[in-house]
Amino acid sequence: MAFTSSFRRVLSGCSSGSSVFSSQFASIRFHSTLTSPKLFINGLSRLTTDEKLKEAFSPFGQLIDAKIIIDRMSGRSKGFGFVTYATIEEAEKAKESMNATYLDGWVIFVDPAKPREHRPPPPPPPPPQRQPDPASSETGFRTNKTIGWCA
């Protein structure tokens, strides 16, 4: 019986314990998770440019850099980019305001940027192999296209 009444109070939100419960989540929610002023922006339209990204994120503070990542082969946007602010507080404000909003008709998602992982350099290419002479056979005889088989 005591369990059901306390359960009912939590659901109805009229107990003093529920305000403590919600305030714990509020402190977690508003605690800054950023460790650097760089933000990762995902879900960008392929038509979004660096200038449009800079224009959208400039109201939240002093922008150091706004860069959309471009595919080297095609020259088109990869659909994500990075924005760097002068301070972590400005980046936090931009993250809270711009996350899950529309930019160029697409919903964008703003997350803290992760440091780039170290990737080992690619292995050197294998030495070129000697191409077999297409005119020779496994028996050691060669063909002469004009005459035919020779020894």
Side-chain angles (χ1 to χ4, degrees), residues 7 10-13 15 17-150:
F7 186 69
V10 168
L11 288 179
S12 66
S15 72
S18 68
S19 64
V20 170
F21 185 70
S22 63
S23 68
Q24 287 174 345
F25 283 121
S27 67
I28 292 170
R29 184 174 160 213
F30 293 116
H31 178 69
S32 176
T33 58
L34 295 178
T35 57
S36 79
K38 190 170 189 177
L39 298 174
F40 172 72
I41 317 298
N42 194 13
L44 293 171
S45 165
R46 304 285 188 238
L47 303 174
T48 303
T49 62
D50 290 345
E51 291 78 29
K52 287 183 183 178
L53 189 65
K54 188 176 277 194
E55 182 182 316
F57 280 86
S58 62
F60 304 103
Q62 179 187 355
L63 273 178
I64 304 296
D65 188 32
K67 180 86 176 134
I68 292 180
I69 305 305
I70 305 293
D71 183 71
R72 289 184 194 141
M73 297 298 286
S74 67
R76 293 179 52 200
S77 164
K78 285 189 170 187
F80 66 91
F82 295 93
V83 173
T84 308
Y85 283 94
T87 65
I88 292 176
E89 291 77 23
E90 293 170 342
E92 184 69 36
K93 189 169 33 168
K95 179 183 171 233
E96 289 174 3
S97 300
M98 291 297 289
N99 191 30
T101 59
Y102 285 93
L103 180 63
D104 286 341
W106 288 57
V107 177
I108 62 168
F109 298 98
V110 182
D111 294 308
K114 296 178 184 173
R116 192 175 230 184
E117 293 180 3
H118 174 69
R119 294 194 301 186
Q129 293 181 352
R130 202 174 126 212
Q131 295 294 328
D133 186 7
S136 68
S137 67
E138 291 179 12
T139 59
F141 292 103
R142 299 180 59 152
T143 59
N144 186 332
K145 293 183 181 176
T146 354
I147 301 172
W149 289 96
C150 340

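In what follows, residues are counted from 1 in the order of the sequence shown.
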Contacts of T84 that satisfy side-chain hydrogen bond (donor to acceptor under 3.5 Å, both in side chains) - sequence neighbours left out
none
Sorted by chain and residue number, the salt bridge (charged side-chain N to carboxylate O under 4.0 Å, His left out) partners of K78 (sequence neighbours excluded) come out as none
For D104, the side-chain hydrogen bond (donor to acceptor under 3.5 Å, both in side chains) test, sequence neighbours excluded, returns T48
Results of side chain to side chain contact (heavy atoms under 4.5 Å, CB included) for T87 - residues two or more places apart only
E89, E90
Partner set under salt bridge (charged side-chain N to carboxylate O under 4.0 Å, His left out) for D65, not counting sequence neighbours:
none
Could you check I108, I69, I68 and say which one makes a side-chain contact (heavy atoms from CB on, under 4.5 Å) with F80?
I69
Between CD on residue E51 and OG1 on residue T49, distance to nearest 0.5 Å:
4.5 Å
Do F109 and I41 come within less than 4.5 Å of each other through their side chains, counting heavy atoms only?
no
Which heavy atom of P112 sits nearest a heavy atom of K95, and at what distance?
CD-CE, 4.0 Å
Sequence neighbours excluded, the answer for side chain to side chain contact (heavy atoms under 4.5 Å, CB included) partners of R116 is none
Restricting to non-hydrogen atoms, name the atom on P37 and the atom on A91 that form the minimum distance, rounded to 0.1 Å.
O-CB, 3.7 Å
Closest non-hydrogen atoms of I70 and S77, given as atom of the first, atom of the second and distance, are CD1-CA, 3.9 Å
Report the residues that fulfil side chain to side chain contact (heavy atoms under 4.5 Å, CB included) with K93, sequence neighbours left out, ordered by chain and then residue number.
F60
Kindly write out the residues that satisfy side-chain hydrogen bond (donor to acceptor under 3.5 Å, both in side chains) with N42, not counting sequence neighbours, or none if the list is empty.
none
Partners of F82 by ring-ring contact (aromatic ring centres under 6.0 Å, His included), sequence neighbours excluded?
F40
Please report the closest heavy-atom contact between W106 and G43, naming both atoms and the distance.
CB-O, 3.5 Å
For S36, what residues pass the side chain to side chain contact (heavy atoms under 4.5 Å, CB included) criterion, not counting sequence neighbours?
K38
Quick one: CD on E55 to CG on L63, what's the gap to the nearest 0.5 Å?
11.5 Å
Just wondering, more than 12 heavy atoms not from Y102 lying within 6.0 Å of its OH?
no
Does the side chain of V110 reach to within under 4.5 Å of the side chain of T101, using non-hydrogen atoms?
no
When you measure from the side chain of Y85 to the backbone N and O of L39, does any donor-acceptor pair fall under 3.5 Å?
no
